[in-house]
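Start at 1 with the first residue, then count along the sequence.
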Amino acid sequence: MARFLGLRTDVIRNEQGGITVLSLFFLITFIMLGGLAIDVTNVMTARTQLQVAADAAAHAALLAREDMSEDEAISAGVAMAMLNMPADRFGDVLTVDEVSFGVWDAEAQTFTPQPGAKNAVLVLPKRTETAGNPVATYLLHLVGLDAWNLHVQAIFTTYHPTCFREGFVAQDVVDLQSNNSYSNGFCIHSNEHVSLNSNNYFEPGTVVSMPDENDIDLPNSGFKTNEGLEQALRSGSYHIRVLDQIDDIIAGLESLNTEVLPTYITGLAPANIVTLNSKKAINATMLVPGRLHTMTCSGGGAANIEANTLVSSIALVTNCAIKFGQGVILQDTVIATTNTGAKSLTAASGLQVGRNDSCATGGGAQLVTMGGMDFPADLKVYGGQLLAANDINFSANANGIEGASFVAGGTISGTSNMAMGFCGTGMEQNFHAEYFRLVY
């Protein structure tokens, strides 16, 4: 047939050059796949960059909200987004309308906008055609996809670490001796290291932490004579932010700032402030419930609170060192001093900080000082907070089984035969600093 048509058989059967055509098909396919890979990689990189900017903006806004108005904090968040993704390169990735404060429901995992809120923030940055800043494609525009539209979100919320709610937290060493027990939920943390003696008991659920858990200081008996300690150990550190706020706490109390004052202080006019005479021992008859009290000592002097005095429903701000007589009980009370002495707050035996009410709401007490605290035997803490810029020292037989929070800018040193536990309630008036975490 080929010969009939005048065609040479060897030409018809010649396959030279066929591979070139096939190669062209493969080349086009590889270019398309390579282009897809390049564009997908590019958009994933752009999305990661946008998410980092979102996280940074949310954190900046929530941090700023501590001290700023809502509008100022929103602007701080937008500025942080622009710092991460400058507008001259990426357009307006975040505007003030895309930042909102509200409430985060951890159980339901939902954010609800709420004007004026301070405990959560949502940011919604974008790179879209509508905003004029989409992520352009390199090769996919050949098949009609000219750009990617990206939307991300970030939600930051505030929280209070358990260690700061109930536990011992110190910037320096936490040094505890023997025959002590710590129940589920109680936390011991040092930003230096923790030192323990023997025969201590750590119930499952307790935490003992420091930057490196291997720095724990123990006797030769080690973990054998400290039951549960090995399971309680953790590595980690904290920026103890509440220590930076002691000045502001004291100033806020003195100025009748309702964001700082406990709720049982109802006399909010300066005319209602009660001035105490530091030269006279303080007793219950001198104290007016619901009022802020002030007291001044000259030359860094001291004042006394009489033995067995029940101090209830008052706030006291002073520059005096204060000595509590034997058996003094503090409930619904905050006492704060600017005295910087190592024993700016001290006591005879049996001081009780907080009401013994089985962790019921209310009844707690707070002691705050720019100096240190030193307490002898039988310190009792029931829903109480001790906050010191320097050291906190206490002796044998301390009892904090119903809620105790000790925070020190120096060391915390306790001796023997103490029982410390976790309440979870009854400490509503404690001072605390906000910490921030990304929840979505």
Side-chain angles (χ1 to χ4, degrees), residues 168 175-177 179-180 276-287 293-357 363-408 410-420:
F168 299 153
D175 184 6
L176 305 170
Q177 298 303 309
N179 301 312
N180 302 309
L276 298 174
N277 186 345
S278 63
K279 296 181 180 180
K280 295 182 179 180
I282 299 169
N283 59 53
T285 64
M286 302 176 183
L287 304 175
H293 297 64
T294 61
M295 181 171 56
T296 303
C297 291
S298 59
N304 296 297
I305 296 181
E306 288 186 359
N308 301 312
T309 297
L310 173 62
V311 182
S312 181
S313 301
I314 67 106
L316 170 62
V317 177
T318 180
N319 70 339
C320 304
I322 297 177
K323 181 174 182 178
F324 301 96
Q326 184 173 4
V328 170
I329 298 174
L330 310 175
Q331 60 185 39
D332 286 327
T333 292
V334 56
I335 295 177
T337 178
T338 58
N339 188 284
T340 58
K343 296 185 178 183
S344 64
L345 294 175
T346 188
S349 63
L351 175 65
Q352 180 177 316
V353 183
R355 184 168 55 220
N356 186 0
D357 57 8
Q366 296 76 37
L367 298 177
V368 182
T369 177
M370 289 298 298
M373 304 183 191
D374 191 278
F375 300 118
D378 298 322
L379 173 66
K380 301 177 180 67
V381 184
Y382 303 106
Q385 181 185 40
L386 278 58
L387 176 57
N390 294 318
D391 301 339
I392 298 176
N393 300 309
F394 56 99
S395 298
N397 303 316
N399 186 337
I401 198 67
E402 293 178 12
S405 174
F406 295 7
V407 182
T411 64
I412 293 178
S413 179
T415 55
S416 304
N417 303 315
M418 76 176 79
M420 293 289 166

Run the side-chain hydrogen bond (donor to acceptor under 3.5 Å, both in side chains) test against [X] and tell me which residues pass, sequence neighbours left out.
X    : result
T411 : D391
Q177 : D175, N197
S298 : none
D374 : none

If you measure from [atom1] on [X] to [atom2] on [Y], what distance do you get to the nearest 0.5 Å?
X    : Y    : atom1 : atom2 : result
Q366 : L387 : CD    : CG    : 9.5 Å
L330 : L351 : CG    : CG    : 5.5 Å
T296 : N319 : OG1   : CG    : 5.5 Å
L287 : S313 : CG    : OG    : 10.5 Å
L276 : C320 : CG    : SG    : 9.5 Å

Could you list the residues that satisfy side-chain contact (heavy atoms from CB on, under 4.5 Å) with [X], not counting sequence neighbours?
X    : value
N356 : Q352, Y382, E402
S344 : T337, N339, T369
K280 : N277, M286

Closest contact, heavy atoms only, [X] versus [Y]:
X    : Y    : answer
I314 : H293 : CG2-CE1, 3.5 Å
A404 : V381 : CB-CG1, 3.6 Å
P376 : S395 : C-CB, 3.7 Å
K380 : G350 : NZ-CA, 4.2 Å

With the side chain counted from C-beta on, respond yes when [X] and [Y] share a heavy-atom pair under 4.5 Å apart, and no when they do not.
X    : Y    : answer
I282 : I322 : no
Q331 : D357 : no
N180 : M420 : no
L386 : L345 : no

List the residues meeting ring-ring contact (aromatic ring centres under 6.0 Å, His included) with F324, not counting sequence neighbours, and say none if there are none.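 So F324 forms no ring-ring contact (aromatic ring centres under 6.0 Å, His included) with any residue.
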Under the rule for ring-ring contact (aromatic ring centres under 6.0 Å, His included), what residues qualify as partners of F375, not counting sequence neighbours?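 So F375 forms no ring-ring contact (aromatic ring centres under 6.0 Å, His included) with any residue.
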Only pairs at least two apart or in different chains count here, so list each salt bridge (charged side-chain N to carboxylate O under 4.0 Å, His left out) that has a residue in residues 319-337.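 Qualifying pairs: D332-R355.
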Give the table of side-chain donor-acceptor pairs shorter than 3.5 Å for residues 304-311, with sequence neighbours excluded, one pair per line with atom names and distance.
unit_1	atom_1	unit_2	atom_2	d
T309	OG1	E306	O	2.8

